[in-house]
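Here the structure is laid out as structure tokens; the discussion comes afterwards.
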Amino acid sequence: MEYEEVKKGLAGVIVDNTAIASTDSNGTLIYRGYAAEELAEKSTFEEVAYLVVYGHLPNKKELLKFSNLLNRNSRVPQNINKIMKLLPRNTPAIDVLRSMVSLMPLNGDENDGKLLEIAAKIPRIISDWHRLSKGSAPLRGTAETYAERFYYLLTGNKSKSDARLLEELLILYMEHEFNASTFTLRVAASTLTDPQAAMTAALAAIKGPLHGGANAEILDYLLPMKSTPEARKYVDGKLRKKEKIMGFGHRIYKNKDPRAQYLKERLRGLAAAKGAEKLYNIAVAIEDEMWKMKNIPANMDFYAAICMYLMKIDSSLNTPIFAASRSFGWTAHYLEQVSNNKLIRPSSRYIGMLGMHL
Ligand code: CMC
């Protein structure tokens with residue numbers, strides 16, 4: 001039997017059209033026609049989430065309605081809180097998030113409403129679980145904007161500047177065309193399963209350390225480092241042993257991840273403001289050494305993890321925070337998939353035995 005060449009990991013394979021986002025190897029990331037960095041710099045989270053989901057920037061009325069929807073639906077139902085209280089305290093936050101999303105009772109008939117209702121609740125699920133697991137009382141974010149509410153729910157802090165940096169980071173995490181979790185969601189959506197099940201599948205995929213889980217592992221090697229020579233030695237040692245360093249490399253961005261470079265610049269200012277220049281210099285030394293030794297660029301997770309650390313966000317929440325933002329990208333992809341659906345069911349090349357008989 002004749003087979004086509006197998007493209008491991010579907011690398012370079014175009015599996016469908018999308019009008020939501022586009023990336024390229026030179027380091028371009030576009031959401032619905034706009035550069036993601038420009039959106040991060042000049043827009044609010046709600047504006048970009050609306051753009052990603054509905055395909056155009058909202059007018060005032062649309063923005064107000066959308067912001068109210070996110071605010072109104074942010075509370076976690078009591079039954080879900082009761083289930084959370086039964087879980088072992090050391091359950092990873094991303095596991096709790098995935099499980100609670102799968103059980104979430106939802107209102108409404110429309111897919112976009114259901115998906116946005118889940119997306120709106122994710123910050124509170126993360127916060128409620130984090131507080132519960134530490135034996136602290138839940139926080140009730142009352143700020144009007146998504147980012148300020150989320151920042152308060154994560155830290156108990158009301159710093160406007162840190163909330164704004166979180167907002168920029170969330171905008172950059174929001175959408176990334178056919179990445180692993182989004183593709184997983186689209187496979188699930190293509191079976192015409194419900195939005196909640198598809199979102200649960202995406203949450204399962206984002207957990208892995210080659211995808212969203214990477215941002216939870218970066219501080220483990222970075223924070224113990226005392227100097228830039230130590231940082232360079234660490235990189236050389238890992239590469240010699242052919243081990244991966246989390247926060248580096250990307251399937252698409254072989255030269256530059258634009259999100260990482262944006263956050264690197266923001267980290268420079270943040271580190272100066274917080275007296276953490278040494279940490280910044282160590283991070284840059286790791287990046288430079290990776291590039292010098294193997295031409296592998298830092299990805300967004302590398303600088304996002306360090307920014308979140310300096311914003312006093314617990315690193316066990318890094319992956320759920322990524323998921324919170326990406327849930328708006330997933331919403332857009334679910335809607336796009338079902339609007340022009342064909343079951344995603346590729347083929348495989350059989351390399352097992354033939355001609356066996358009992
Ligand atoms: N550290 C060391 N070597 C690396 C790394 C890394 N982080 N990433 C890639 N390489 C090497 C890899 O060992 C291989 O080397 P060789 O050709 O000598 O065998 C070469 O670069 C190609 O790597 P690959 O894994 O085949 O490339 P890929 O396109 O399949 O993988 C990746 C992309 C993200 C899975 C990979 O770069 C990786 O595992 N990075 C670490 C995990 C990480 O940071 N993930 C977050 C990705 S960005 C956020 C997101 O979208 O989730």
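It should be emphasised that the depicted structure is a prediction, and the values quoted were computed from it without experimental measurement. Just so you know, ligand 1 is whichever comes first in the structure, and atom 1 is the first atom listed for that ligand. Values reported hereafter were calculated over all heavy atoms of this structure, with side chains retained and with hydrogens, waters and symmetry mates removed.
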With the threshold set strictly below 4.0 angstrom, can you tell me whether any protein non-hydrogen atom sits that near [atom]?
atom: atom 36 (C) of ligand 1; answer: yes
atom: atom 14 (C) of ligand 1; answer: no
atom: atom 22 (C) of ligand 1; answer: no
atom: atom 26 (O) of ligand 1; answer: no
atom: atom 19 (O) of ligand 1; answer: no

Should [X] be listed as contacting ligand 1, given a heavy-atom distance under 4.0 Å as the test?
X: M290; value: yes
X: P209; value: yes
X: K254; value: yes
X: K242; value: no
X: H250; value: yes

To check your reading of the model: name the closest protein heavy atom to [atom], its residue, and the distance in Å.
atom: atom 43 (C) of ligand 1; value: A214 CB, 3.5 Å
atom: atom 34 (C) of ligand 1; value: G249 O, 3.8 Å
atom: atom 39 (O) of ligand 1; value: K244 NZ, 2.8 Å
atom: atom 49 (C) of ligand 1; value: D301 OD2, 3.2 Å
atom: atom 30 (O) of ligand 1; value: R251 NH2, 3.0 Å
atom: atom 45 (N) of ligand 1; value: L210 O, 3.0 Å
atom: atom 47 (C) of ligand 1; value: N299 ND2, 3.5 Å
atom: atom 1 (N) of ligand 1; value: I245 N, 2.9 Å

Any N/O pair [X]/ligand 1 closer than 3.5 Å:
X: I296; result: no
X: H211; result: yes
X: F248; result: yes
X: G247; result: yes
X: H176; result: no

Atoms of ligand 1 less than 4.0 Å from [X] heavy atoms?
X: M246; answer: 42 (C), 44 (O)
X: G212; answer: 52 (O)
X: K294; answer: 11 (C), 15 (O), 16 (P), 18 (O)
X: E243; answer: 2 (C)

Any luck finding a side-chain donor-acceptor pair between [X] and [Y] under 3.5 Å?
X: D314; Y: S316; result: yes
X: Q337; Y: N341; result: yes
X: S133; Y: N90; result: no

Can you list the steps and then say if H250 with H176 is a ring-ring contact (aromatic ring centres under 6.0 Å, His included)?
CA-CA 12 Å; H250 199 275; H176 219 220; 5.2 Å; yes
Let me check something: any side-chain donor-acceptor pairs from residues 137-149 under 3.5 Å, sequence neighbours excluded? List them with distances.
unit_1: R140; atom_1: NH1; unit_2: D128; atom_2: OD1; d: 3.3
unit_1: T145; atom_1: OG1; unit_2: E148; atom_2: N; d: 3.1
unit_1: E148; atom_1: OE1; unit_2: K160; atom_2: NZ; d: 3.3
unit_1: E148; atom_1: OE2; unit_2: K160; atom_2: NZ; d: 3.4
unit_1: R149; atom_1: NH1; unit_2: N71; atom_2: OD1; d: 3.4
unit_1: R149; atom_1: NH1; unit_2: A143; atom_2: O; d: 3.2
unit_1: R149; atom_1: NH1; unit_2: E144; atom_2: O; d: 2.9

Is the distance from the ring center of F328 to that of F45 below 6.0 Å?
yes
Are H333 and F183 an aromatic pair, judged by ring center distance below 6.0 Å?
no
Working note: Y152 + N157, criterion side chain to side chain donor-acceptor pair (under 3.5 Å); need CA distance, chi angles, decisive distance, verdict.
CA-CA 5 Å; Y152 176 73; N157 200 309; over 6 Å; no
Any donor-acceptor N/O pair, H56 side chain to L51 backbone, under 3.5 Å
no
Check whether any side-chain heavy atom of M246 sits under 4.5 Å from a side-chain heavy atom of D301, and report yes or no.
no
Are any of the side-chain heavy atoms of E177 and I252 separated by less than 4.5 Å?
yes
With sequence neighbours excluded, residues passing side chain to side chain contact (heavy atoms under 4.5 Å, CB included) with P77
I80, M104, P105, K121
Rounded to the nearest 0.5 Å, what's the gap from CG on N73 to CZ on R124? Could you check?
11.5 Å
Measuring from R72:CZ to S67:OG, what's the distance to the nearest 0.5 Å?
11.0 Å
Taking 4.0 angstrom as the limit, do E265 and R268 come out as a salt bridge?
yes
Would you call D236-K294 a salt bridge at under 4.0 Å N-O?
no
